[in-house]
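Letters A, B, ... mirror the listed sequences (proteins, then strands); counts begin at 1.
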Protein chains: 2
Amino acid sequence: MSPTSSAPVPDQPATPPRTTPGNQAPGRPAPDSTRRSERSRRAIYDAALALVGEVGYPRTTIEAIASRAGVGKQTIYRWWTSKGEVLLEAFLDLSQRAAEELGEEWVFPDTGDLAADLKLVLRATVDEMLDPRFEAPARALAAQGVVDEQLGRTFVTQLLEPQLQLYVERLKSAQEQGQVRRDVDPRIALELFVSPLAQRWLQRSGPLTHEYTDTLVDYALGGLSPR
Amino acid sequence: MSPTSSAPVPDQPATPPRTTPGNQAPGRPAPDSTRRSERSRRAIYDAALALVGEVGYPRTTIEAIASRAGVGKQTIYRWWTSKGEVLLEAFLDLSQRAAEELGEEWVFPDTGDLAADLKLVLRATVDEMLDPRFEAPARALAAQGVVDEQLGRTFVTQLLEPQLQLYVERLKSAQEQGQVRRDVDPRIALELFVSPLAQRWLQRSGPLTHEYTDTLVDYALGGLSPR
DNA sequence: TGGAGAACGAGACGATACGTCTCGACTCCC
DNA sequence: GGGAGTCGAGACGTATCGTCTCGTTCTCCA
């Protein structure tokens, strides 16, 4: 997934360290999040991301994460229910930090030329998809989300939809400027260029190049039928 | 993935039972495929598909497949290297049998009305994506393919690309009839409606309806810009 | 028709990793 | 300064892994 898991992450309500353990199953007394060790949390994120990059998702075990982070296993089980959940949070955290590096507020460009703006953003997305720092964890999460419905929904809601919303707003602006038909639903329209890119990335069903995304934008805006 | 993993599978060279064990690593003497037990092979396919549907991919273990199929574990390890590979073959086999049920040769409709033909096929694909018989294994394979490059390439090559090729041919026909611009690359063009559908299915990022796919076709053919 | 050889079903085996649990050390708050 | 709760560490029983024997069954060829 993550058609655009990439592209600098904008505001996003800055998910706080997370107060509720996923592990809030009945029976167990809820752990006290105010006493949680920030140091351990960070170390676990780092270890999880590093391991996924180095040995792949299947061999990224809870025990390996704990050992690498210099942390007891119970500290992981206390706050998370699965390694997918750990990795999702680690990745969300990584995205946020990356976004902060990029300056206060990143906004979707709006030069008045829709095609140019879309091409610019999609080119940046391609670059990010090829960034090895993101590749491994993003793929692992996407795969997990396909199979694990709850994780998938969190992934989509927290990471994907906020991204897509930026496209929606840019397309609405284009509608006001008369560059996009008024009767078009922006939430569907954006899928014409975002989904093919995401799909190629996930399935490796074709090369990811700037020319490719430029072409997608041209086809989507101009249509396949003769004009 | 499998944007169109569905849609009746056409000819396809009818992958024979598979002669080489994936397990053809060095050292081990290659097993003699002519003496292979057809009965066991079928039982393993059935068990694998059933288990994935019942308990999900992660809990579909090799041991469970062997036990359910009434087969020794070694019989599985002799012919396959991983459960992903087992499931992929089982699913390919299922697709082929489903295709055969559908009559000799299924061909992409070509009534001369491209929009109508595409809508028809995409509606059928939606229906198939919602068929529980396909859902579980298809999701599991898609997820595995995202993370396991070799499996993913096999999945794309054997299952996906043959499907997509049908769209390519239909689009070329439309180009000859003047319904699609000549300068359009059909392999990319098809992604405008196929990928969004696949993406929604995989990510559960929106409802899968006939109206949705109809809209995709309209947007892709007509373009988003005012005409 | 009978023997050889390979695949077969069954399951024992050591190696992980699972998730739970207990322990003493530490830290924060009353 | 005492209590409660998290922490690192690791022992524990269970489950699955992939490999490895066992006899048995099947098939081909002499």
Undergrad: Give the ring-plane orientation class for Tyr167(A) versus Phe193(A), where under 30° counts as parallel, over 60° as perpendicular and anything between as tilted.
TA: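 Correct class here is tilted.
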Undergrad: Let me know the distance between CD of Glu85(A) and C1' of dG19(C), rounded to the nearest Å.
TA: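 Between C1' of dG19(C) and CD of Glu85(A): 15 Å.
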Undergrad: Kindly compute the distance separating CZ (Arg41(B)) from CH2 (Trp80(B)), expressed to the nearest 0.5 Å.
TA: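 So the CZ of Arg41(B) and the CH2 of Trp80(B) are separated by 7.5 Å.
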Undergrad: State, to the nearest 10°, the angle formed by the axis through the first five base pairs of the helix from dT1(C)-dA30(D) to dC30(C)-dG1(D) and the axis through its last five.
TA: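 Rounded value for the end-axis angle: 10°.
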Undergrad: Can you give me the closest heavy-atom contact between Ala198(B) and Met129(B), atom names plus distance?
TA: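 Shortest heavy-atom contact: CA-CE, 4.2 Å.
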Undergrad: Which sits closer to the 5' end of DNA chain C, Ser67(B) or Asp32(B), going by the nucleotide each is nearest to?
TA: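 The residue mapped nearer the 5' terminus is Asp32(B).
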Undergrad: Rounding to an integer number of Å, can you tell me how far Ile44(B) CD1 sits from dG9(C) C1'?
TA: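 Roughly 11 Å, once rounded to whole Å.
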Undergrad: State, with a plain yes or no, whether a side-chain heavy atom of Asp148(A) is found less than 4.5 Å away from one of Phe155(A).
TA: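 Sidechains of Phe155(A) and Asp148(A): no contact.
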Undergrad: Across the strands shown, which category fits Ser40(A) at heavy-atom distances under 4.0 angstrom: base, sugar-phosphate, nothing?
TA: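 Sugar-phosphate, no base atom in range.
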Undergrad: For Ile76(B) and dG11(C), give me the distance from atom CD1 to atom P, rounded to whole Å.
TA: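 The distance from CD1 of Ile76(B) to P of dG11(C) comes to 15 Å, rounded to the nearest Å.
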Undergrad: OP1 or OP2 of dG9(C) versus the side-chain N and O atoms of Thr75(B): is any pair under 4.0 Å?
TA: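 Looking at the OP1 and OP2 atoms of dG9(C), one of them is under 4.0 Å from a side-chain N or O of Thr75(B).
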Undergrad: What do the steps show when you test Thr209(B) against Val126(B) for side chain to side chain contact (heavy atoms under 4.5 Å, CB included), and what is the final call?
TA: CA-CA 7 Å; Thr209(B) 64; Val126(B) 166; over 6 Å; no
Undergrad: First locate atom CD of Gln144(B), then atom NZ of Lys83(B), and finally report the distance between them rounded to the nearest 0.5 Å.
TA: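 The NZ atom of Lys83(B) is 7.5 Å from CD of Gln144(B), to the nearest 0.5 Å.
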Undergrad: First locate atom CD of Gln150(A), then atom CD of Glu85(A), and finally report the distance between them rounded to the nearest 0.5 Å.
TA: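 Rounded to the nearest 0.5 Å, the CD-CD separation comes out at 6.5 Å.
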Undergrad: Pull out every protein N or O sitting under 3.5 Å from an N or O of nucleotides 12-18 of chain C, one pair per line with the distance.
TA:
from: dC18(C); atom 1: OP1; to: Ile62(A); atom 2: N; distance (Å): 3.1
from: dC18(C); atom 1: OP2; to: Ile62(A); atom 2: N; distance (Å): 3.3
from: dC18(C); atom 1: OP2; to: Glu63(A); atom 2: N; distance (Å): 3.2

Undergrad: Hey, is the side chain of Gln74(A) pairing donor to acceptor with the base of dC7(D) inside 3.5 Å?
TA: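 In this structure, the two groups form no donor-acceptor pair.
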Undergrad: Starting at CD of Glu38(A) and ending at C1' of dC7(D), how long is that distance when rounded to a whole Å?
TA: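 Whole-Å distance recorded here is 15 Å.
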Undergrad: How long is the straight-line distance from CG of Leu164(B) back to CD of Glu169(B), given to the nearest 0.5 Å?
TA: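 Atom-to-atom, Glu169(B):CD and Leu164(B):CG are 11.5 Å apart.
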Undergrad: Looking only at side-chain N and O atoms, does Trp79(A) come under 4.0 Å of OP1 or OP2 in dG5(D)?
TA: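 Answer is no, no contact under 4.0 Å.
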Undergrad: Going by an N to O cut-off under 4.0 Å, is there a salt bridge joining Glu149(B) and Arg153(B)?
TA: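 Answer for the salt bridge query: yes.
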Undergrad: Could you walk me through whether Asp214(A) and Arg123(A) satisfy the side chain to side chain contact (heavy atoms under 4.5 Å, CB included) test, starting with their C-alpha distance in whole Å, then the side-chain angles of each, then the deciding distance to 0.1 Å, before giving a yes or no?
TA: CA-CA 8 Å; Asp214(A) 287 357; Arg123(A) 283 177 174 223; 2.5 Å; yes
Undergrad: Show me the protein contacts with nucleotides 27-30 of chain C, counting only N or O atoms at under 3.5 Å.
TA:
from: dT27(C); atom 1: O2; to: Arg35(A); atom 2: NH2; distance (Å): 2.8

Undergrad: Please tell me if Ser37(B) has a side-chain N or O lying less than 4.0 Å from either OP1 or OP2 of dC26(D).
TA: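 Checking dC26(D) against Ser37(B), no side-chain N or O comes under 4.0 Å of OP1 or OP2.
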Undergrad: Could you tell me whether Arg139(A) sits above the aromatic face of Tyr57(A), with NZ or CZ closer than 6.0 angstrom to the six-membered ring centre and within 45 degrees of the axis?
TA: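 Output no; distance or angle outside limits.
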Undergrad: In whole Å, what is the span from the CZ atom of Arg42(A) to the P atom of dC7(D)?
TA: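 Distance, rounded to whole Å: 15 Å.
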